[in-house]
Number of protein chains: 2
Amino acid sequence: MTSAGKPDWNGCPTRYAAAIVGDKWCFLLLRDVLLHGKRTYREFLASPEGISTNILANRLAKLEALGMFTREPDPRKASSVCYFPTQKAKDFLPALVTMMVWATQYDDVTEAPASFAASYADDPAGTIAWYEAEIDRVDQALRRG
Amino acid sequence: MTSAGKPDWNGCPTRYAAAIVGDKWCFLLLRDVLLHGKRTYREFLASPEGISTNILANRLAKLEALGMFTREPDPRKASSVCYFPTQKAKDFLPALVTMMVWATQYDDVTEAPASFAASYADDPAGTIAWYEAEIDRVDQALRRG
DNA sequence: ACAAAACACTTGCAATATGCAAGCACACAA
DNA sequence: TTGTGTGCTTGCATATTGCAAGTGTTTTGT
């Protein structure tokens, strides 16, 4: 919040998005949760970018505070913890997928299959719905224990 | 580049996007150019976020190196400089607009008019086309001098 | 012609954030 | 009871940032 009591983004939607996405590690954690089905501290730590433990703890707290993740005990093992995406995070999927399509177009060493951009071009809503279904599948399986 | 000669994003489209967008200042400069018609150092400096001069110079160089901006003499005044968005930057517009729609939905103090989200919901392609036309209008007027 | 202003940066330095390695508290397992 | 896995926290060296001031070049005004 600013001294006037207004939030840092001050009403600008781009700045609101920048507060969450305009940070490399938050952005990649969002990817891990929305696209790669990761939910635990250990899984995040294992990502190839190599986030360090203090930064990971800091960003998980930030994303929880921003209402993107919920922190819950792991149903499979009480001593462990899961971070689940909230509806707000899931609603970010279209933006994330749109960025992936753009990146796939301009990155000449992309690992994304050509079929990804093609399937998005053919049916954007369907492509996003597929990712949403994957997220729900992961979370429902996890919560069942 | 990594020691193996592969780029930092290493083929991951999200990481490719993160290299550009996963930085508050690059993200906001992209907004200024794509959405607010800003093209000069002075205009960027005047944004309410208050970027400092060294960071601005650093990020303009970065965005130029990444192929997002071109640096050209100002046709109105030879001593001044303009930064124009490349096609790559313009193609990022759908992602930026998608993020704005998301932010407008979740930011309860948004300054974005309700008509923005409504018009996007009604005609996404048309909304993006409108922004694209604005960019071209600004750039063509500028280059005419 | 000359002085002053504008412009796009650059530099120095203090404050903040990051990366790395180690340590810690707790739960569970053998 | 000894060890292992898990999710952190802490200390410290290094890197990045923000701020203020300065630099060199080009206009502008008189």
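Order of the sequence lines fixes the chain letters, A, B, ..., with proteins taken first and strands second; residue numbering starts at 1 for each chain.
Remark: A/Ser52, A/Thr53, A/Asn54, A/Ile55 in residues 43-58 of chain A come within less than 4.0 Å of DNA chain C through at least one heavy atom.
Judged by distance alone, the side chain of A/Tyr41 and the main-chain N or O of A/Thr53 form a donor-acceptor pair under 3.5 Å. Between the side chain of B/Ser52 and the backbone N or O of B/Asn54 there is no donor-acceptor pair closer than 3.5 Å. Under a 3.5 Å cut-off, the side chain of A/Lys38 and the backbone N or O of A/Ala46 do not form any donor-acceptor pair. Formation of a donor-acceptor pair under 3.5 Å by the B/Thr110 side chain with backbone atoms of B/Thr104 is not found in this model.
Proximity of A/Arg39 to the phosphate of D/dG7: no side-chain N or O atom is located under 4.0 Å from OP1 or OP2.
Applying the side chain to side chain donor-acceptor pair (under 3.5 Å) rule to A/Asn58 yields no partners; only residues at least two apart in sequence or on another chain are considered.
Checked by distance alone, A/Arg42 brings no side-chain donor or acceptor within 3.5 Å of a matching partner on the base of D/dG5.
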Self-check item: side-chain contact (heavy atoms from CB on, under 4.5 Å) assessment of A/Val81 paired with A/Arg71
Solution: CA-CA 7 Å; A/Val81 171; A/Arg71 187 181 183 280; 3.6 Å; yes
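For residues 118-133 of chain A, no residue pair satisfies the salt bridge (charged side-chain N to carboxylate O under 4.0 Å, His left out) rule, not counting sequence neighbours. Sorted by first then second residue, the ring pair (Phe, Tyr, Trp, His ring centres under 6.0 Å) pairs that include residues 52-97 of chain A, not counting sequence neighbours, are A/Phe92-B/Trp102.
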Quiz prompt | Under 4.0 Å protein heavy-atom contact, by nucleotide of nucleotides 22-30 of chain D - B base, S sugar-phosphate only | solution = ----SS---
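Whole-Å rounding puts the B/Trp25 CH2 to D/dT17 C1' distance at 10 Å. The nearest whole Å value for the distance from the CZ atom in A/Arg71 to the P atom in D/dG7 is 9 Å. Here the P atom of nucleotide D/dT6 and the CZ atom of A/Arg76 are 10 Å apart, to the nearest Å.
The pair A/Glu49-A/Lys24 fails the salt-bridge criterion, with no side-chain N (NZ, NE, NH1 or NH2) lying under 4.0 Å from an Asp/Glu carboxylate O. Electrostatic pairing of A/Lys90 and A/Asp136 counts as a salt bridge here, judged by a charged N lying under 4.0 Å from a carboxylate O.
Looking at B/Phe27 and B/Met99, their side chains come closer than 4.5 Å, going by heavy atoms from C-beta outward.
First and last contacting nucleotides of DNA chain C toward chain B (any atom under 4.0 angstrom from a heavy atom, 5' to 3' order): C/dC7 to C/dG12.
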